[in-house]
Protein chains: 2
Amino acid sequence: MTPTAAIVLGLLERLGEASAYDVKRAAERWLGNFWSTPHSQVYRTTEQLAADGFLAARPDTTAGGRARTLYRLTRRGRTALAAWQREPLAALPELRDPALLKLHFGADLGTLAGAQLAAHRDQLVAYEARQREDTGAEPRGPWLTLRAGILHEEVWVRFWTELLEGAQGGPTRRAVRP
Amino acid sequence: MTPTAAIVLGLLERLGEASAYDVKRAAERWLGNFWSTPHSQVYRTTEQLAADGFLAARPDTTAGGRARTLYRLTRRGRTALAAWQREPLAALPELRDPALLKLHFGADLGTLAGAQLAAHRDQLVAYEARQREDTGAEPRGPWLTLRAGILHEEVWVRFWTELLEGAQGGPTRRAVRP
DNA sequence: CCCACCATGTAACATGTTACATGATTGG
DNA sequence: CCAATCATGTAACATGTTACATGGTGGG
């Protein structure tokens, strides 16, 4: 069960019968926050899952409009999804941030930190705006992941701010060792 | 310039002439913290960079031992590396954490949060131990990225702890809305 | 001397990214 | 009615992952 497969199954459980495009939009809306899935991936994955019996495929026959395929979970798909949800997960993600690579290899601190700080600040503001839409309604999952995003953006802002202040103090001043 | 290419060039600048295996070990040691690069990637990338003229390749002729190839930066490689270091970078990384996917799709909070909390705690302890080795010597890059790792592990510990406490309060109690 | 592990690769496959194509829809 | 955008895919290529293969080396 790859992450993309889990996403497709999980979203189709919510959506009922839907097209690959619907799944892609739902993924953007609900997961875009911490996980992007290009549409080409979604098309490939629905096809694959259908071939493996996790999804049932059906051509959409509504008169107007272009031909397309609708998918829904089979019993097998439901079972696989439930099993995935139950499995614990001890693996840790990597930061894998290209900006840290540049930092490691001695990029100019002021330039890099400035650009990153601005971008992370914008992201934080966007997340906070989104969070204010939370009405407390179920399901909680999406809001919890949004909170994770906010906490991480906060530390990024802190991290790059410290570096920027260190850099402005001049190259001789010891950076970031409070 | 892909991230892996930048890693290979950056490490070879430090190492002088070295084998793909040496590069792989250096990557583990210096970047393993936030970026993993399987050895098969490193072999492929050195070969590619040599074909493109960024590296000079030379068979190692020391008597004993298996045949291997040694690489070093060409002038062109040095130039490309320097250009990459200068470029600013406004792109943001994604969290892309499979555990957040499970959380989003309604995994059991106690199980998931417990497993994640334990793993992140261990990681945090390991990073802090590593940080104590910092003698303040140059280059600072590696230590700065370690600090980033620590900050992020701290928020993960905080995040999963909150969830775990919320879960223990029972399913009716509102989780994580302090 | 044999087993385990380090070193050095190669290969196959899955996933992710980017680009191409093209049919509907809609706003100007 | 034309252009831009949405919707629906396909294709090519790059990257990442996993497995295989096999030569040295050092310890029991």
Side-chain angles (χ1 to χ4, degrees), chain A residues 1-9 15 17-29 31-32 34-52 54-55 57-71 91-98 101, chain B residues 1-9 15 17-29 31-32 34-52 54-55 57-71 91-98 101:
Chain A
M1 174 79 83
T2 68
T4 307
I7 289 170
V8 168
L9 294 179
L15 295 171
E17 190 169 49
S19 71
Y21 196 78
D22 297 331
V23 171
K24 175 219 142 199
R25 259 187 326 181
E28 266 166 17
R29 167 127 172 62
L31 308 168
F34 67 99
W35 197 296
S36 65
T37 38
H39 76 278
S40 62
Q41 281 276 124
V42 176
Y43 283 97
R44 186 162 40 185
T45 305
T46 48
E47 202 177 328
Q48 183 83 43
L49 288 173
D52 295 347
F54 296 101
L55 299 180
R58 178 171 79 80
D60 181 8
T61 52
T62 55
R66 191 171 171 176
R68 60 186 194 151
T69 306
L70 296 179
Y71 297 94
L92 297 183
E94 277 178 355
L95 282 182
R96 219 177 179 71
D97 182 351
L101 275 186
Chain B
M1 173 79 84
T2 68
T4 307
I7 289 170
V8 168
L9 293 179
L15 295 172
E17 190 169 50
S19 72
Y21 195 79
D22 297 333
V23 171
K24 175 218 146 200
R25 260 186 326 179
E28 267 166 17
R29 165 126 174 66
L31 309 167
F34 66 99
W35 197 297
S36 64
T37 38
H39 75 278
S40 62
Q41 280 277 123
V42 176
Y43 282 97
R44 187 162 39 186
T45 306
T46 47
E47 203 176 329
Q48 184 82 44
L49 288 173
D52 295 348
F54 296 102
L55 299 181
R58 179 171 77 82
D60 182 8
T61 52
T62 55
R66 193 170 168 176
R68 60 187 194 151
T69 306
L70 296 179
Y71 298 94
L92 296 184
E94 278 179 354
L95 282 183
R96 221 180 178 70
D97 182 351
L101 274 187

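Per chain, numbering begins at 1; letters A, B, ... match sequence-line order.
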So, B/D22 side chain and B/S19 main chain: donor-acceptor pair closer than 3.5 Å or not? yes

Would you mind telling me which of C/dT8, D/dT10, D/dA14 lies closest to the side-chain atoms of B/T2? D/dA14

Evaluate the criterion side-chain contact (heavy atoms from CB on, under 4.5 Å) for residue pair B/T45 and B/I7; output intermediate values, then yes/no. CA-CA 10 Å; B/T45 306; B/I7 289 170; over 6 Å; no

B/R44 side chain N/O closer than 4.0 Å to the phosphate oxygens (OP1, OP2) of C/dA11? no

Between CG of A/D52 and C1' of C/dA14 the distance, given in whole Å, is 13 Å

Which residue, B/T69 or B/R96, contacts DNA chain C at a nucleotide closer to its 5' end, judged by nearest heavy atom? B/T69

Starting from P on C/dA14, measure out to CE on A/M1 and report it in whole angstrom. 16 Å

Could you tell me whether the phosphate oxygens of D/dA7, OP1 or OP2, come under 4.0 Å of any side-chain nitrogen or oxygen in A/R25? yes

Compare the minimum distances between each of C/dG16, D/dT8, D/dG16 and the side chain of B/T4, then state the nucleotide with the smallest one. D/dG16

Show your reasoning for whether side-chain contact (heavy atoms from CB on, under 4.5 Å) applies to A/E94 and B/F34. CA-CA 5 Å; A/E94 277 178 355; B/F34 66 99; 5.9 Å; no

Please report, rounded to the nearest Å, how far the C1' atom of D/dT25 is from the CZ atom of B/R68. 14 Å

Phosphate oxygens OP1/OP2 of C/dG16: is one of them under 4.0 Å from a side-chain N or O of A/Q41? yes

To the nearest angstrom, how far is A/R29 atom CZ from D/dC6 atom C1'? 18 Å

Starting at atom CD of B/E28, determine the distance to atom P of C/dT8, rounded to an integer number of angstrom. 13 Å

If each of B/E47 and B/Y21 is mapped to the nucleotide of DNA chain C with the nearest heavy atom, which maps nearer the 5' terminus, i.e. the 5' end? B/Y21

Expressed as a whole number of angstroms, how long is the span from A/Y43:OH to C/dT17:P? 18 Å

Separation of atom NZ in B/K24 from atom P in C/dG9, rounded to whole Å: 12 Å

Between A/E17 and A/R58 (salt bridge meaning N to carboxylate O under 4.0 Å), is one present in this structure? yes

Looking at B/V42 and B/A20, what are the two nearest heavy atoms and their distance? CG1-O, 3.5 Å

In this structure, how many angstroms lie between the C1' atom of D/dA11 and the NE2 atom of A/H39, rounded? 11 Å

Going by modelled atom types, is there a donor-acceptor pair between the base of C/dT18 and the side chain of A/S40 at under 3.5 Å? yes

